[in-house]
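First comes the structure, then the notes that go with it.
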Amino acid sequence: MQEYEIKQLSGEVDSIIFRSEDTGFVVLKLACDGDLISVIGEMGNIEAGEELTCTGRYENNIKFGKQFRAELIERSLPTSASSIRRYLASGIIKGVNAVLAKRIVDEFGESSLEVIEKEPVKLTKVEGISAKKADSISAEFRKTYAVRSLMTMLNKFELPASVSIRAWKRWGESAEQLISSNPYVLCKEGIDVSFGKADSIASKLELPQDCDERVIAGMIWVLKENAASGHTTLPLDRLKEASRALLGVAGEVFDRCLEFELSEDELHMYIKNGRPFIMLHDYYKAEEYIARRLSVMSEISYDSQMDYSDVIDIAEEENGIEYEDIQRKAINLALSKGFLILTGGPGTGKTTTLNAILSLFEQQSMNVMLAAPTGRAAKRLSDLTGHEAKTIHRLLEVKAGDGERISFVHNENDQLGCDVLIVDEMSMVDSCLFEALLRAISVTCKLVLVGDSDQLPSVGAGNVLQDIIASGVMPVITLTEIFRQSQESAIVTNAHKIVRGEHPDVTERGRDFFFMQRLNYPDLQSLVVDLCRERLPNTYGYNVFENIQVLSPTRQGPSGTIELNRVLQEKLNPPDEKKSEIKTPLYIFRKGDKVMQTKNDYDILWKRIGDDEKVEEGAGIFNGDIGIITAANKLLNTLTIDFEGRVAIYSRDMLDKLELAYAVTVHKSQGSEFDAVILTVFGGFDKLYYRNLLYTAVTRAKKLLIIIGTQKLLFRMIDNDRRTLRYTCLKNMLLDLKGDEQLTI
């Protein structure tokens, strides 16, 4: 029998070895032609005694030997009396144990399941079954049969058991009927089937191409796909053009469906500069709330005329610091206005200013909380201020839910007990997260937002920091002067040159900024490996798991993250009989690998053991979190990953949210700093080579930056001042609420 040859096995389930209730992953023994064969795969609520036909392939597992991986299954209820008895004795039906199973089969034989389903009153003939219990057993069986029927239906469309489980949890016994009538419900959040797959199912079910369900699902899919690229809205004409291209329907059909969705408040229209824009409900609600809330905060009558210069003088004397005039202005505004955006590049004194603001708030006996979008950014903020900082998600406390959308413990009904909230790396905060943060603080809470407006916008949809600054309706202080000690760093001085559009001297060999020209891909890859494996560890004591991060503007191509990760994994964590691994279509995940979460998942459970051995439990691993694989279990198809102290277990269906992280894109590195950064600037899509992406990459390096590539492309990147275009409505919503009144600082 050839390895990986597609085969079919038919037989009776002898026993269940392992089952994951969340993912439907099962390990079982299948009685097939006189042999017991180990079968693994997503098979859901399979029980002993069932008849299965499995389509898949054989695999050799180093630890467990030959196993059959079932990609598709066809299941049927047991038909023989002996298999029915084993099936009922498995506990599949609540209230039926092994003793009752024997009695039922002894009474009804091969008709037992038909009696349970259709004539439960007959069950009262069996000792120990009352009329009430008979009805309960029948109801439980029909419920179980509905789950089985749903899984069988979706399995025919090549959807994994995990989709069936999510659909069942969402819609219960009505799931199969709902999906049959409208397969596009599978695209909803929490189920997460692609529009293309749902469209394929709808085609097989012979739904009309111009049916309202398809057109509505298509336009929502277009909006969601654009939200994944950062847009909270799309111009109506762009949405219509893209939707019609996807769906192949007439304009009047699109117009009719859009009008219906607008009337149901599923979509919203906002007129911006005379042009209609369409927004998904969540993004409209988020940006509209942010605008109203900031408008209210700006109108609250703080004593904005109060001058805190004397207090700042005392702070200077106590701390032995002389603040620049612009820093004094920022401190004064934060204390008096109750709202401040503090922005500026590296080395301009943001941290010094922030520490002064923090100290003076605390001297007024105010309760100050600090937050940042990512774990690395929060840790950095803690290190810089000496005060505890939490991720925004941890501060708000993610509430366990059904996975459809995130919710937090702290909101308008249970607000944070802080007088002042300081948020760092604000350029990374997207619209929905900022909305949640504002809901969790009182309108009298002072708010200080710190960030670098020249960096890339958030990974999530929105452009919050830029939109608030551009509106001109809230107090903003921009620090531009580089302090003397920072001028000694070529990373800092060259970052400022880049943001001004100036070319750095790449021939100069400084202490922390190096450019290494390579003119072909093999030489570039070889140098990246050599730096990670030999040069930087030997010279600085750095290693790729703790101190070194390889960055690239792109995922694709020989200098992109996918190929660099393959090469680096091969050299830094090669295959080893002692290291277990799990294969996916894109990656091999091996014990010891460095990995990154690529999508927010609020339901992943984790544990952290503190220095005092106290165990902290929580939920949520977020986009950009980096961890190390500490174990790979091939039997259970699970990975154990340590995300800087938070240890989580990933099942196989969660692995599509992971990628290797020896190399990551610049976008994914936002909010993080690394002792040493190796940046490749060589080939790929031209649209990814622009100034503020390079600036963001450069400012990720704390102590050492090495750029590898061609000088021509590096300079072209600096010359390209194309800003990432994002369609949002927040700026205009703020202006609409404030009218022509703009704030003058």
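Quick caveat, the model's predicted, so the values are computed rather than measured.
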Start with the C-alpha gap between Tyr650 and Gln597, add the side-chain angles, then the distance that decides, and say whether side-chain hydrogen bond (donor to acceptor under 3.5 Å, both in side chains) holds.
-> CA-CA 11 Å; Tyr650 279 60; Gln597 177 81 4; 2.7 Å; yes

Backbone N or O of Thr680 within a donor-acceptor pair of the Ser552 side chain at under 3.5 Å?
-> no

What is the ring orientation for Tyr540 with Tyr542, classed by angle as parallel under 30°, tilted 30 to 60°, or perpendicular over 60°?
-> parallel

Any donor and acceptor pair, going by atom type alone, linking the side chain of Ser243 with main-chain N or O of Leu239 inside 3.5 Å?
-> yes

Decide yes or no on side-chain hydrogen bond (donor to acceptor under 3.5 Å, both in side chains) for Gln569 and Asp593, but give the supporting numbers first.
-> CA-CA 7 Å; Gln569 182 192 44; Asp593 275 335; 2.7 Å; yes

Ignoring hydrogens and angles, tell me if any N or O in the side chain of Asp523 forms a donor-acceptor pair with the backbone of Arg518 under 3.5 Å.
-> no

Smallest separation among heavy atoms of Trp221 and Val193, with atom names | CZ3-O, 4.2 Å

Return the minimal non-hydrogen interatomic distance between Thr232 and Thr728, and the atom names on each side.
-> OG1-CA, 3.3 Å

Arg380 bridged to Asp424 by N-O distance under 4.0 Å = yes

Under a 4.0 Å N-O cut-off, is there an ion pair linking Glu659 with Lys668?
-> no

Heavy-atom pair of closest approach, residues Thr665 and Leu551 = O-CD2, 4.3 Å

Between Ser580 (side chain) and Ala632 (backbone), is there a donor-acceptor pair under 3.5 Å?
-> yes

Could you tell me whether a side-chain N or O of Asn573 sits under 3.5 Å from a main-chain N or O of Lys591, the two making a donor and an acceptor?
-> yes

In terms of ring plane angle, is the pair Tyr58 and Phe68 parallel, tilted or perpendicular, where the classes change at 30° and 60°?
-> perpendicular

Main-chain N/O of Ser453 paired with Thr343 side-chain donor or acceptor, under 3.5 Å = yes

What orientation do His503 and Phe715 show, parallel under 30°, tilted 30 to 60°, or perpendicular over 60°?
-> parallel

NZ (Lys197) with more than 12 external heavy atoms under 6.0 Å | yes

Side chain Asp625, main chain Ile621, donor-acceptor under 3.5 Å = no

One should read off an interatomic distance between Ile548 CD1 and Asp675 CG, to the nearest 0.5 angstrom, of 9.5 Å

Give the C-alpha distance, both sets of side-chain angles, the deciding distance and a yes or no for side-chain hydrogen bond (donor to acceptor under 3.5 Å, both in side chains) between Tyr587 and Asn565.
-> CA-CA 9 Å; Tyr587 295 108; Asn565 273 314; 4.6 Å; no

Testing Thr554, Thr710, Ile708 for side chain to side chain contact (heavy atoms under 4.5 Å, CB included) with Phe682, which one passes?
-> Thr710

